[in-house]
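Every number for a ligand or one of its atoms is a count from 1 in the order of the listing.
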Amino acid sequence: MPNLIPQPTQYIPLPGVFNLSPETAVTVAVADLQSLGELLAASLRTATGFPLPVRVGESGALHLALISDPDLGPEGYRLEVYPEGISLQAPHPTGLFYAIQTLRQLLPPESSPTIIQACQIRDQPTFRWRGVMLDVARHFFGMADLKRLIDLAAGYKCNVLHLHLSDDQGWRLAINAWPRLAEYGGSSASNGAPGGFYTQPEYQELVAYAQSRQMLLVPEIDMPGHTHAAIISYPELKGTTKSDELYTGAEVGFSSLAIHEKITYKFLAEVLGELATLTPGPYLHIGGDEAHSTPEPEYKTFIERLQPIVRSLGKTPIGWEEVGKADLDPATVVQYWWNADFASRAAAQGNPLIMSPARKVYLDIKYDPTIRLGQDWTQSYIDVRDSYDWDPLTILPEAKSDQILGIEALLWTETTATRDDVDFMIFPRLCAVAEVGWTPSGQRRWNDFRIRLSAHGPRLEALGVKFYRSPQIPWQA
Ligand code: ACM
């Protein structure tokens, strides 16, 4: 078995090898697949230096085609490697994109050798939600960092990028009707780091970039707590908060929107209205976590008023598990993170769930006590094996398996200020989480995964990723 992550559902080795050469060409069966052909060629050109022209036709040694194979589902693919050529086939372009990611991993990270063992792969994901969240509110990360994260995560077949766009420390998206949110509320970040925000054209560019990597962008505006940056930009929104200064600390739970003021709902409708227009994907994340300064009846009122606003914009709300305290619209997706009680209330209401258990997939938690970066409020550490050895279907006993959309790894950025910091906390744990999301649990073995992961050290290094060299992994030199 080659060192693929996530491990494909089926891999059959065949005799012989395919040799990628300076003469190798890429062909696509129909012109609509040209951009996927280009994506494949571009990634192989980087690794090999070969020209790899892309044409519409049948004759290329690397050939991409759409096929009818309903059992593969919306994201599945077939990848067949023979001595005379390689065929990438899928019912949908998404599957072809994943076939390309697998093919890239079948080649070594650097130029030579360019030989691939002949094989047949048939593959499709276990869960349809395989996400990663980046908190761009505590520290701001620019467009280049986000595009790079999209590429890295998509390379491991993750398909959701959730952006935590607002918090007490900063507001990160320009809103035309409420310009001070970004201009003033976006000017700060944790520990006095520089602030920043995305313009609407930048945000749309990011949406399109994510789409080209088969990733759904899910924007989060966290409410009614975690709203200090919004409140100091527009004090009429204030229910409560700690001061009228920009906030750069790390406490939570001190801010709340005014729940009974009309202006709050005008704000929600306008902010979410602009966000919905900018976001082609079906979801808007409304936060809802740690609203410790919002009395419980008011919290329920707020969530119950917020859901129909999102629905009226043609979108489906997602909320952190606390929204389970309110009466939920049946479509509202609930994201479990810590309190099984709240999440169970949502599960009992029958709502769809995303599993982000803090002890498994919180990438801001330290790997071990000696690590400079990260937090330890879970009173446990998360090394690679902790992120790998769990089953999303058994975490919350009340949840039926068909309620569980999938999983999402989260990076809160109170302590991570730079790209290298982010790399270090995300990798290699995201590789583990990606396999949990993709590969059937009955096919996952830690002792096998750790060997495969060891081969991804040089691969991540070649991509400039400053990952954590966990002592659990026998890293290749
Ligand atoms: C969270 O960690 N407050 C969702």
Next on the checklist: Please list, in number order, the atoms of ligand 1 under 4.0 Å from a heavy atom of D289.
Outcome noted: 1 (C), 3 (N), 4 (C)
Checklist entry - Is a side-chain donor-acceptor pair under 3.5 Å present for H139 with Q169? => result no
Next on the checklist: Between ligand 1 and Y362, is the shortest N or O to N or O distance under 3.5 Å?
Outcome noted: yes
Next on the checklist: Run W475 and F467 through ring pair (Phe, Tyr, Trp, His ring centres under 6.0 Å) and show every step you take.
Outcome noted: CA-CA 11 Å; W475 297 107; F467 62 97; 4.9 Å; yes
Item to check | Heavy atom of W338, distance to ligand 1 below 4.0 Å | outcome: no
Next on the checklist: Show, in sequence, the C-alpha distance, side-chain angles and deciding distance for W438 and F127, and conclude whether the ring pair (Phe, Tyr, Trp, His ring centres under 6.0 Å) test is met.
Outcome noted: CA-CA 6 Å; W438 184 280; F127 293 103; over 10 Å; no
Next on the checklist: What I want to know is whether E290 and ligand 1 share at least one N or O pair that is separated by under 3.5 angstrom.
Outcome noted: yes
Next on the checklist: Can you confirm if the aromatic rings of Y203 and F197 lie within a centre distance of less than 6.0 Å?
Outcome noted: no
